[in-house]
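Here the structure comes first, spelled out in C-alpha cells, and everything after it is commentary.
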Amino acid sequence: MTASAASLLPIGVFDSGVGGLTVLRALRAALPAEDFLYLGDTARLPYGTKSASTVSRYALQAADRLAGRGIKCLVVACNTASSVAIPALAASLAPVPVIGVIEPGAQAAARATRTGRVAVIATEGTVRGGAYPQALAAIDSRIEVAQKACPLFVALAEEGWTDGPIVEAVARRYLEPLFIGPRPADTLLLGCTHFPALVTPIRRVVGEGVVLVDSAETTAAATAARLGGLGLCRGQGIGTVRLMATDGPERFARVGSVFSGEPIAPGDVELVDL
Ligand code: DGL
C-alpha cells in the first residue's frame, strides 16, 4: 500500500477498558483530521493484576482485531500492556508502527521534575515490571524513582467514582506514604491511563506543590511526530471515532463519557469478541 493510501486509514487505539479514552482525547486534539478506531477489552479488565504473559496474549489479540480492520498505526493506550508487550506487538504488526505510553510518560516526568525525584503510581503489573524506573533511568540516570501500585484506582475509575470521601480515603492510603520522608518527590507520574479521571482527589491529597503528569499529551505528540515522519498524516478534514468494547457497551458508554469528556451513546459502541 502506498503512503498516501495508508494515510487514509484510521489510527488504532487500545486499552483494557475506558482508561485509554484519556489518551484518545489527547490524540484527537493533536490530530483532529484523523479517524480513530478504539478498542476497550472490558471483558478481561483489569489487566493490571494479571501476569505479563497473559497481558501480552490479550494485547496481541486486541491488536490483531484492530489490524484486521485496517489501521495505519497502533497506540497502546494502556501502561500495563505497554510495559510488557511492545516488542511482541511491533513484531506482529510490522510494518504498522506501534506506539506505547511508557516512554512518553517518562519523558513528561523527566521534563517536569526539578529535584530529580519522581513518584510513579501504576497498576501492580506496571510496577512489578519496572518499566518506568528503566525508562526514566534511560533519560537521566540521576532521577530517583519511588513506585506504588494503586489497583483500586482502576476499579474506582471504572465504577465512575472519580471523587468523594471513599475515593479520597483510598487516595490517602496509597499516596501519603509516598510523600512522607526527608526527600519527597516533586513530580507524580500517573502511570495508568485510568488515573487521570481521579486527578481531583489525587491533587487534594498530594497538595499543590507536586506536579502531576500523565502520558496522554506526550503520547499524542509522539504519535503525531511518528506519523509525520512516515508521511502518514491525514492533511485535512474532521476525523471520526469508532468505539468497540468486548463487553458491556452500555456500561462502556456511561463511564466512557466521563473519560472522553463528551457524551457516548450505547449505540455508538460496537460489541466485539476477541
Ligand atoms: N489502563 C490500564 C493502564 O494504563 C490498566 C488498567 C487495568 O486494566 O488494570 O495500565
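Whatever order the structure lists ligands and atoms in, that order sets their numbers, starting from 1. Residue indices begin at 1 and follow the sequence shown. None of these values were measured; they are calculated from a predicted model.
In the vicinity of Pro46, heavy-atom distances shorter than 4.0 Å reach the ligand 1 atoms 7 (C), 8 (O), 9 (O). Near Tyr47, meaning under 4.0 Å from one of its heavy atoms, ligand 1 places the atoms 7 (C), 8 (O), 9 (O). Near Thr80, with a cut-off below 4.0 Å to any heavy atom, the atoms of ligand 1 are 3 (C), 5 (C), 10 (O).
In this structure, Cys78 is part of the shell of residues with a heavy atom less than 4.0 angstrom from ligand 1. Taking a 4.0 Å cut-off on heavy atoms, Gly19 fails to register as neighbouring ligand 1.
No side-chain N or O of Thr200 forms a donor-acceptor pair with one of Asp163 less than 3.5 Å apart. In this model, a donor atom of one side chain and an acceptor atom of the other lie less than 3.5 Å apart for Asp186 and Thr113. Side-chain N/O atoms of Thr193 and Thr22 include no donor and acceptor closer than 3.5 Å.
Here's the thing with Thr123: none of its N/O atoms is less than 3.5 angstrom from an N/O atom of ligand 1. In terms of polar-atom proximity, Thr126 is not counted as a contact of ligand 1, lacking any N or O under 3.5 Å from an N or O of the ligand. Taking distance alone, with nitrogen or oxygen atoms compared against 3.5 Å, Thr49 stays at or beyond that limit from ligand 1.
Between Glu144 and Arg183 there is a salt bridge, with a side-chain nitrogen of the basic residue lying less than 4.0 Å from a carboxylate oxygen of the acidic one. A salt bridge is defined here as a Lys NZ or Arg NE, NH1 or NH2 lying under 4.0 Å from an Asp or Glu carboxylate O, and Glu262 with Arg25 fails to meet this definition. Checked for salt-bridge contact, Asp35 and Arg234 meet the test: a charged N lies under 4.0 Å from a carboxylate O. Ionic pairing of Glu168 and Arg173 is not present here: no N-O contact between side-chain nitrogen and carboxylate oxygen is shorter than 4.0 angstrom.
In this structure the side chain of Leu24 never reaches within 4.5 angstrom of the side chain of Ser260, judged on heavy atoms.
Atom 1 (N) of ligand 1 has His194 ND1, 2.7 Å as its closest protein atom, hydrogens excluded (heavy atom only).
Which of Gly48, Ala81, Ser215, Ala155 comes nearest to atom 9 (O) of ligand 1 through a heavy atom is settled by distance: it is Gly48.
With a heavy-atom cut-off of 4.0 Å, Asp15 touches ligand 1 through its side chain alone.
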